[in-house]
Amino acid sequence: MNDSAASFDFPPDLERHIFELAAFSFPGQAVKLATLSREIRAWMERLLYGTVVLDSLKDSALFIRTLLEDKPPTFFATHVKNLYITSFVSDQHAQRIISVCTGVSSLVYWSRAPVDLPRDTIHRLSINGTGLVSHQRASLTHLDIVDPTPSTDMAVVFALPRLTHLSIGELRSDWILPTLNEVLAQCVELKSLVIISGDLIISSADSALLDDPRVSVKVKPYYHHPKDYRTYWDDIRRGRADVWPM
């Protein structure tokens, strides 16, 4: 067999698909594949930075270093689409990261400090109850409120005209249940309301709430149940799961 018969000339889209499939099938190999050529590096960077999970102090520090030293701000604005900022990230670093990741469409932000969100691109937001403030974007279709307290500004929910999916998690008391009845009555575009809590709190809900076909109740002892913490976040990195329970 001569050399020309043994060579293959795949269309660029097929080549990209092959390398992306290899990266997804063998976690950790995307970085190595990125060294093969400039074109492959661009493909792998879309995978490596398309979903960014900052669930430890180490991950946060590495990302900040990359942001400050290795890549221009325009890189993150273009590449980062799904951003997960847990409570391990300092408020200062969180604000800096969000300020450059302006193309994010799905954001998890579990710090307790309010933050300025990307203007028009964000459609899905998971946020700590203390960080929910009145300037949340009208573009939101999915909102997940984690650990709400009586001081949480639930009026924000009524001011989101495109909201179709709402999740309330980590409930520690039943104070919010009457408010959820109001949400169902007033948010006419709402298609799904997911309540994540323990048995005792859910048991105090009235039938009008629980019988609404849009309502789904999930009893969980912790947010990553039934997975362990590391598996939960690794699956999100690999595109196998999401924080959204709907």
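Both backbone and side-chain heavy atoms feed into the values below; hydrogens, waters and symmetry mates do not. Here, residue 1 is the first one in the sequence, and each next residue gets the next number.
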Euclidean distance, [Y] [atom2] relative to [X] [atom1], rounded to 0.5 Å:
X: Ser56; Y: Phe88; atom1: OG; atom2: CZ; answer: 7.0 Å
X: His142; Y: Ser126; atom1: NE2; atom2: OG; answer: 12.0 Å
X: Arg162; Y: His123; atom1: CZ; atom2: NE2; answer: 7.5 Å
X: Asp174; Y: Asp206; atom1: CG; atom2: CG; answer: 11.0 Å
X: Ser111; Y: Asp91; atom1: OG; atom2: CG; answer: 3.5 Å
X: Arg65; Y: Ser60; atom1: CZ; atom2: OG; answer: 12.0 Å

### Exercise: do Asn181 and Asp212 side chains pair donor with acceptor under 3.5 Å
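No donor-acceptor contact under 3.5 Å links the two side chains.
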Got more than 12 heavy atoms from elsewhere within 6.0 Å of [atom1], [X]?
X: Arg230; atom1: CZ; value: yes
X: Gln186; atom1: CD; value: yes
X: Lys191; atom1: NZ; value: no

How far apart are the closest heavy atoms of [X] and [Y], and which atoms are they?
X: Leu117; Y: Leu107; result: CD2-CD2, 3.5 Å
X: Ser167; Y: Asp144; result: OG-OD1, 3.0 Å
X: Ala77; Y: Thr102; result: CB-OG1, 3.3 Å
X: Val53; Y: Asp59; result: O-OD2, 3.9 Å
X: Thr121; Y: Gly103; result: OG1-C, 3.8 Å
X: Trp175; Y: Thr149; result: CZ2-O, 2.9 Å

### Task
Could you give me the CA-CA distance, side-chain angles and deciding distance for Phe63 and Val52, then say whether side chain to side chain contact (heavy atoms under 4.5 Å, CB included) is met?
CA-CA 9 Å; Phe63 190 79; Val52 174; 3.7 Å; yes
With side chains defined as the heavy atoms from C-beta onward, is the minimum distance between [X] and [Y] less than 4.5 Å?
X: Trp110; Y: Tyr84; answer: no
X: Ile168; Y: Ile196; answer: no
X: Tyr109; Y: Thr86; answer: no
X: Tyr49; Y: Lys81; answer: no
X: Leu83; Y: Ile98; answer: yes
X: Leu190; Y: Arg214; answer: yes

### Query
Which is it for Leu143 and Val157 under the side chain to side chain contact (heavy atoms under 4.5 Å, CB included) test, yes or no, and what are the steps along the way?
CA-CA 8 Å; Leu143 176 62; Val157 175; 4.1 Å; yes
### Query
Passes side chain to side chain contact (heavy atoms under 4.5 Å, CB included), Ile145 versus Leu166? Steps please.
CA-CA 8 Å; Ile145 304 174; Leu166 175 64; 4.3 Å; yes
Got a donor-acceptor contact below 3.5 angstrom from the [X] side chain to the [Y] backbone?
X: Thr66; Y: Leu62; value: yes
X: Ser139; Y: Ile122; value: yes
X: Ser99; Y: Arg96; value: yes
X: His93; Y: Ile64; value: no

### Partner of Thr141 by side chain to side chain contact (heavy atoms under 4.5 Å, CB included), out of Thr164, Leu163, Leu160
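The passing option is Thr164.
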### Task
Give the C-alpha distance, both sets of side-chain angles, the deciding distance and a yes or no for side chain to side chain contact (heavy atoms under 4.5 Å, CB included) between Val80 and Ile97.
CA-CA 10 Å; Val80 180; Ile97 292 167; over 6 Å; no
### Query
Under a 4.0 Å N-O cut-off, is there an ion pair linking Asp147 with Arg112?
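Salt bridge present between Asp147 and Arg112.
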### Query
Taking NZ, NE, NH1 and NH2 as the nitrogens, is one of them in Arg237 or Asp55 under 4.0 Å from a carboxylate oxygen of the other?
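Yes, charged N to carboxylate O under 4.0 Å.
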#### Entry: Shared hydrophobic cluster, Val188 / Leu184 (ILVMFWY, side-chain heavy atoms < 4.5 Å)
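Looking at the clustering, Leu184 is in a separate group from Val188.
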### Message
Holding to ring-ring contact (aromatic ring centres under 6.0 Å, His included), I want the full list of residues that pass it with His79, two or more places apart in sequence or in another chain.
### Response
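Applying ring-ring contact (aromatic ring centres under 6.0 Å, His included) to His79 gives Phe75.
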#### Entry: Residue pairs involving residues 67-78 (criterion side-chain hydrogen bond (donor to acceptor under 3.5 Å, both in side chains); sequence neighbours excluded)
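Every side-chain hydrogen bond (donor to acceptor under 3.5 Å, both in side chains) pair that includes a residue of residues 67-78, provided the two are not neighbours, is Glu45-Lys71.
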### Task
Verify side chain to side chain donor-acceptor pair (under 3.5 Å) between Asp234 and Thr231, making sure each step is shown before the conclusion.
CA-CA 5 Å; Asp234 284 346; Thr231 299; 5.9 Å; no
### Query
Can you list the residues that meet the side-chain hydrogen bond (donor to acceptor under 3.5 Å, both in side chains) rule with Asn82, with sequence neighbours excluded?
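Asn82: side-chain hydrogen bond (donor to acceptor under 3.5 Å, both in side chains) contacts with Thr51.
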